[in-house]
Amino acid sequence: MRADKCPRCGKGPLAEDANTGEFYCTNCGYVMKEKLEETRPEWRSFGEEQGGENRARTGMPTSITSFDMGLSTVIGSSNRDASGSSLSGAMKHTMDRVRVWDKRSQAANSFDRNLRQAFNEMKMFAEKLAVRDEVIERAAYIYRKAVERGVTRGRSIIQISAASLYAACRDMEVPRTLKDVAAVSNVSKKDLARSYRILVREMDLQMPVPDPIKSVSRIASRATVGEKTKRRALEILTKAHQKEIVAGKDPMGLAAAALYVASTLEGNGKTQKDIADAASITEVTLRNRYKGLRQALGI
DNA sequence: TAAGATAAGAGGGACAT
DNA sequence: ATGTCAGTCTTATCTTA
């Protein structure tokens, strides 16, 4: 699996630097920008509703989910310049300073260690949630900002990681509920919700209002209702939106209710329980939305 | 058996104190 | 900071068709 030819001089062989894990050409000295394993494209599909046709590429050249942005060159310790002569005293001093900062970029401090751990957690959560890589990138960005602003102080990495991921989903309108994220992250829904709100408040995040329409196909596939019913549910939701009865309501509940109405209208016997289970809400909540929907639309 | 109704409890936002 | 209030969702239980 490992290429052993240098992309610059075409020869080789390549060797791994024991300290940095980087690969370099033993012939010309060319250093790979990436760890070799990450350079090959890796194709996979995401999400149950995309059905596999929506493919994304993993292994970005420089990813902010990598704690040091993938820049991992290390400055050596010998006080010699490129041609091998000794450095002047002033230059030695300068190089010392450079090395200090270089070290700091190597996860030598708690800031980077913290980020690295958080990113690993978020990747694991995201994998289980089957969300696209862009969402992870977004989550990583939010987390980094949160740490820089000191929002995370006194809160667990896991909690803020999960909250960042949830925030990223919200931000990018990927329909994942608090419950979903809580389940994969082992953080209670309550704590997750609280951390999420803290993130939003402390960082003045502007979140789009969750759109029930985005949730419909998710519920539909889980409850195995047909495409026709799904489209009907979408029409119902659009009408409901015009009647302005959707404000402040749980989007999952609305989506589920619309699907239930559509399903009844189409005459394929889905019970309230079927739909409610598929949407991870209670039958009562579904009924309440359903009642409002029927009223507003005169069904 | 499915659908509807009722009641109690939790958690958070808005607003006032 | 703390308390109250209205509104929402959830769970449990009972009734109705």
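This structure is a prediction, so every number in the text was calculated from the model and none was measured. We name chains A, B, ... by the order of the sequence lines, and we start the count at 1 in each one.
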Counting any heavy atom closer than 4.0 Å, what does A:Y196 reach on the DNA or RNA strands: base, sugar-phosphate only, or nothing? nothing
By the 4.0 Å heavy-atom rule, please label A:R201 as base, sugar-phosphate, or nothing. nothing
Does a side chain donor of either [X] or [Y] reach within less than 3.5 Å of an acceptor in the other side chain?
| X | Y | answer |
| --- | --- | --- |
| A:S195 | A:Q159 | yes |
| A:Y166 | A:D171 | no |
| A:S188 | A:D191 | yes |

Between A:Y290 and A:R294, is there a cation-pi geometry (under 6.0 Å to ring centre, at most 45° from the normal)? yes
Rounded to whole Å, how long is the line connecting atom [atom1] of [X] with atom [atom2] of [N]?
| X | N | atom1 | atom2 | value |
| --- | --- | --- | --- | --- |
| A:Q272 | B:dA3 | CD | C1' | 5 Å |
| A:I275 | B:dA3 | CD1 | P | 10 Å |
| A:L178 | C:dC9 | CG | C1' | 12 Å |
| A:D250 | C:dT10 | CG | C1' | 11 Å |
| A:E283 | B:dT6 | CD | C1' | 15 Å |
| A:M252 | C:dC9 | CE | P | 13 Å |
| A:K249 | C:dT10 | NZ | P | 13 Å |
| A:D277 | B:dA3 | CG | P | 12 Å |

At under 4.0 Å, does any side-chain N or O of [X] touch on OP1 or OP2 of [N]?
| X | N | value |
| --- | --- | --- |
| A:T285 | C:dT10 | yes |
| A:R197 | B:dG13 | yes |
| A:Y260 | B:dA3 | yes |
| A:R287 | B:dA2 | no |
| A:K273 | B:dA2 | no |

Which nucleotide in the set [options] lies at the smallest distance from any side-chain heavy atom of [X]?
| X | options | result |
| --- | --- | --- |
| A:T271 | B:dA3, C:dT8, B:dG12 | B:dA3 |
| A:V284 | C:dC9, C:dT11, B:dG4 | C:dT11 |
| A:R194 | C:dC9, B:dG4, B:dG12 | B:dG12 |
| A:K190 | C:dT10, B:dG4, B:dG12 | B:dG12 |

Indicate yes or no for a side-chain donor-acceptor contact from A:K123 to the backbone of A:I136 under 3.5 Å, with no hydrogens or angles considered. no
